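Numbered from 1 within each chain, the chains take letters A, B, ... in sequence-line order. Bear in mind the structure is a predicted one, so any value in this text is a computation, not a measurement.
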Protein chains: 2
Amino acid sequence: MNKIIPNIGSERETDRLMFSLVHAAHELERRYEEALSIEGLTGPKFAALSKLVQADRPLGLGELADELTCVRSNITQLVDRLEADGLVVRTVDHADRRTVRAAVTEIGMQRQIAGAKQVEKFLDALSKACSGVDLEAFERVLSCLQVEKGGYR
Amino acid sequence: MNKIIPNIGSERETDRLMFSLVHAAHELERRYEEALSIEGLTGPKFAALSKLVQADRPLGLGELADELTCVRSNITQLVDRLEADGLVVRTVDHADRRTVRAAVTEIGMQRQIAGAKQVEKFLDALSKACSGVDLEAFERVLSCLQVEKGGYR
DNA sequence: CCTGCATTATTCATATATGAATAAAATAAT
DNA sequence: ATTATTTTATTCATATATGAATAATGCAGG
């Protein structure tokens, strides 16, 4: 997604709310990526590894694209990079010779665990900072923005 | 920024809060870009145009990079595309022959106005949906996340 | 069995982002 | 004044994202 959203000198409180929300999200994403970079991972790489580890079987690239809600060509490239890193290998599907599956390697598995630890640490810190926050109020704000709630799988 | 953030099957409320916040921000950005696309603009293109119109003078590419908080090479490319669209032109600075300035064209000015109208419309709709929302509570959530408040200029 | 349609992944073109290396020009230091 | 440093933009390599076009395979209907 694009980083650049200018503040169009708006006056309304709700406009500032939107800018603040987007800004906060970018800041969180930045820290999340920062945490993963300790283990030489990026957000997309970790996401793909995590899906593969969770699935506990080689996933077809189409499946992976669906899981990560992005287009297939994106996954082709991501798996190229993961393969170059030695974290996954492409395997053929003998039942359907069109499908290519991504299988996580031993190193990939270890790397996913290491990444998850960093994410855990990051979330722990966030959790501590947020103890006692009014989550109900936050949910109300999100629902006002008409963004689907719980859109994450 | 990267779109892919997997939900690591976390249980804590605060983790879900973070995922929801990031998800909400992406959704807002998506709609913002959608609004701009009506006028053939993208977020970054509109942001650059807006800065140039606000400044009311040709800006050096370095200045523009600072304003949009991104690296210079990014602006080089963005101005390439804006120039290809006929929305800005590069001008030389006779005082300092290193600096290249981006000057918004007549078409660029009109396009910025058209884009701003779409953004306005988008924000209006959002504002209506948010009438009566507890902004105080929202600010408290953001401060818990230890994200700088009002970080937008 | 072929033929046409659907599905799979890849390639290509493009947009956005970063950062390192480079080139050109201005400025500071000796 | 010449040298060294800083500042400017660009180029290059890379990562991430999209979508259109392509190629290979599978499948359904005749």
Side-chain angles (χ1 to χ4, degrees), chain A residues 1-6 26-27 29-30 32-34 36-37 40-49 58-85 87-103, chain B residues 1-6 22 26 29-30 32-34 36-37 40-49 58-85 87-103:
Chain A
M1 192 73 53
N2 94 83
K3 207 189 90 167
I4 296 170
I5 290 199
H26 285 171
E27 179 64 17
E29 287 180 284
R30 194 192 58 71
Y32 168 79
E33 293 261 351
E34 196 176 47
L36 285 174
S37 73
L41 288 173
T42 63
K45 283 180 179 178
F46 176 66
L49 282 182
L59 292 178
L61 300 203
E63 285 181 278
L64 209 43
D66 289 346
E67 290 281 354
L68 302 176
T69 46
C70 64
V71 297
R72 297 169 114 107
S73 57
N74 197 358
I75 296 299
T76 297
Q77 299 176 84
L78 182 55
V79 169
D80 283 348
R81 291 189 293 270
L82 285 169
E83 214 169 16
D85 291 346
L87 305 181
V88 309
V89 284
R90 277 182 167 86
T91 64
V92 290
D93 185 329
H94 296 289
D96 183 343
R97 285 180 357 231
R98 289 169 305 177
T99 62
V100 175
R101 311 194 97 92
Chain B
M1 191 72 53
N2 94 81
K3 207 189 90 167
I4 297 170
I5 290 199
V22 170
H26 286 170
E29 287 181 285
R30 194 191 59 71
Y32 169 79
E33 292 262 352
E34 195 176 49
L36 284 173
S37 74
L41 288 172
T42 64
K45 284 180 178 177
F46 177 65
L49 282 182
L59 293 178
L61 300 203
E63 286 181 277
L64 209 44
D66 289 346
E67 290 281 354
L68 301 177
T69 48
C70 65
V71 299
R72 297 168 114 106
S73 57
N74 196 359
I75 296 300
T76 296
Q77 298 175 85
L78 183 55
V79 170
D80 283 348
R81 291 188 294 271
L82 285 169
E83 215 170 15
D85 292 347
L87 305 180
V88 309
V89 285
R90 277 181 168 87
T91 65
V92 289
D93 185 330
H94 296 290
D96 184 342
R97 281 174 7 226
R98 290 171 304 181
T99 61
V100 175
R101 312 194 96 92

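- Looking at which nucleotide of DNA chain D each of A/R97 and A/T42 is closest to, the 5′-most match is held by A/T42.
- No donor-acceptor pair closer than 3.5 Å links the side chain of A/S37 to the backbone N or O of A/G40.
- Taking the side chain to side chain donor-acceptor pair (under 3.5 Å) definition, one finds that B/Q77 meets it with nothing, sequence neighbours left out.
- When rounded to the nearest whole Å, the span between CD of A/E83 and C1' of C/dA9 equals 13 Å.
- Residue B/L36 contributes atom CG, which lies 11 Å from atom P of C/dT16 at whole-angstrom precision.
- In terms of the side chain to side chain contact (heavy atoms under 4.5 Å, CB included) criterion, residue partners of A/R90 (sequence neighbours excluded) are, by chain and number, A/L61, A/T76, A/V79, A/D80, A/E83, A/V100.
- Axis angle between the ends of the helix from C/dC1-D/dG30 to C/dT30-D/dA1, five pairs each and rounded to 10 degrees, works out to 10°.
- Residues passing the side chain to side chain donor-acceptor pair (under 3.5 Å) test with B/S73, sequence neighbours excluded: none.
- Between the CG atom of A/L78 and the P atom of D/dT14 there is a distance of 17 Å, rounded to whole Å.
- Counting to the nearest Å, the P atom of C/dT16 and the CG atom of B/L68 are 12 Å from each other.
- Listed here is the closest heavy atom pair of A/A102 and A/L64: CB-CD2, 4.5 Å.
- Between B/N74 and C/dT18 there is a side-chain N or O to OP1 or OP2 distance below 4.0 Å.
- Here B/E63 pairs with B/R57, B/L59, B/R101 under the side chain to side chain contact (heavy atoms under 4.5 Å, CB included) rule; sequence neighbours left out.
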Dump every N/O contact between nucleotides 7-11 of chain D and the protein below 3.5 Å, one line per pair.
unit_1: D/dT7; atom_1: O4'; unit_2: B/R98; atom_2: NH1; d: 3.4
unit_1: D/dT7; atom_1: O2; unit_2: B/R98; atom_2: NH1; d: 2.8
unit_1: D/dT8; atom_1: OP2; unit_2: B/R72; atom_2: NH2; d: 3.4
unit_1: D/dT8; atom_1: O5'; unit_2: B/R72; atom_2: NH2; d: 3.3
unit_1: D/dA9; atom_1: OP1; unit_2: B/L61; atom_2: N; d: 2.8
unit_1: D/dA9; atom_1: OP1; unit_2: B/G62; atom_2: N; d: 3.2
unit_1: D/dA9; atom_1: OP1; unit_2: B/V100; atom_2: O; d: 3.3
unit_1: D/dA9; atom_1: OP2; unit_2: B/G62; atom_2: N; d: 2.8
unit_1: D/dA9; atom_1: OP2; unit_2: B/R72; atom_2: NE; d: 3.4
unit_1: D/dA9; atom_1: OP2; unit_2: B/R72; atom_2: NH2; d: 2.9
unit_1: D/dT10; atom_1: OP1; unit_2: B/R90; atom_2: NE; d: 2.8
unit_1: D/dT10; atom_1: OP1; unit_2: B/R90; atom_2: NH2; d: 3.3
unit_1: D/dT10; atom_1: OP2; unit_2: B/T76; atom_2: OG1; d: 3.0
unit_1: D/dT10; atom_1: OP2; unit_2: B/R90; atom_2: NH2; d: 3.4

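- Every residue two or more places apart in sequence or in another chain that forms a side chain to side chain contact (heavy atoms under 4.5 Å, CB included) with B/R98 is listed here: B/D96.
- Applying the side chain to side chain donor-acceptor pair (under 3.5 Å) criterion to B/R97, with sequence neighbours excluded, gives no partner residue.
- Of the two residues contacting DNA chain D, namely A/D93 and A/R81, the nearest-nucleotide position lying further toward the 5' end is that of A/R81.
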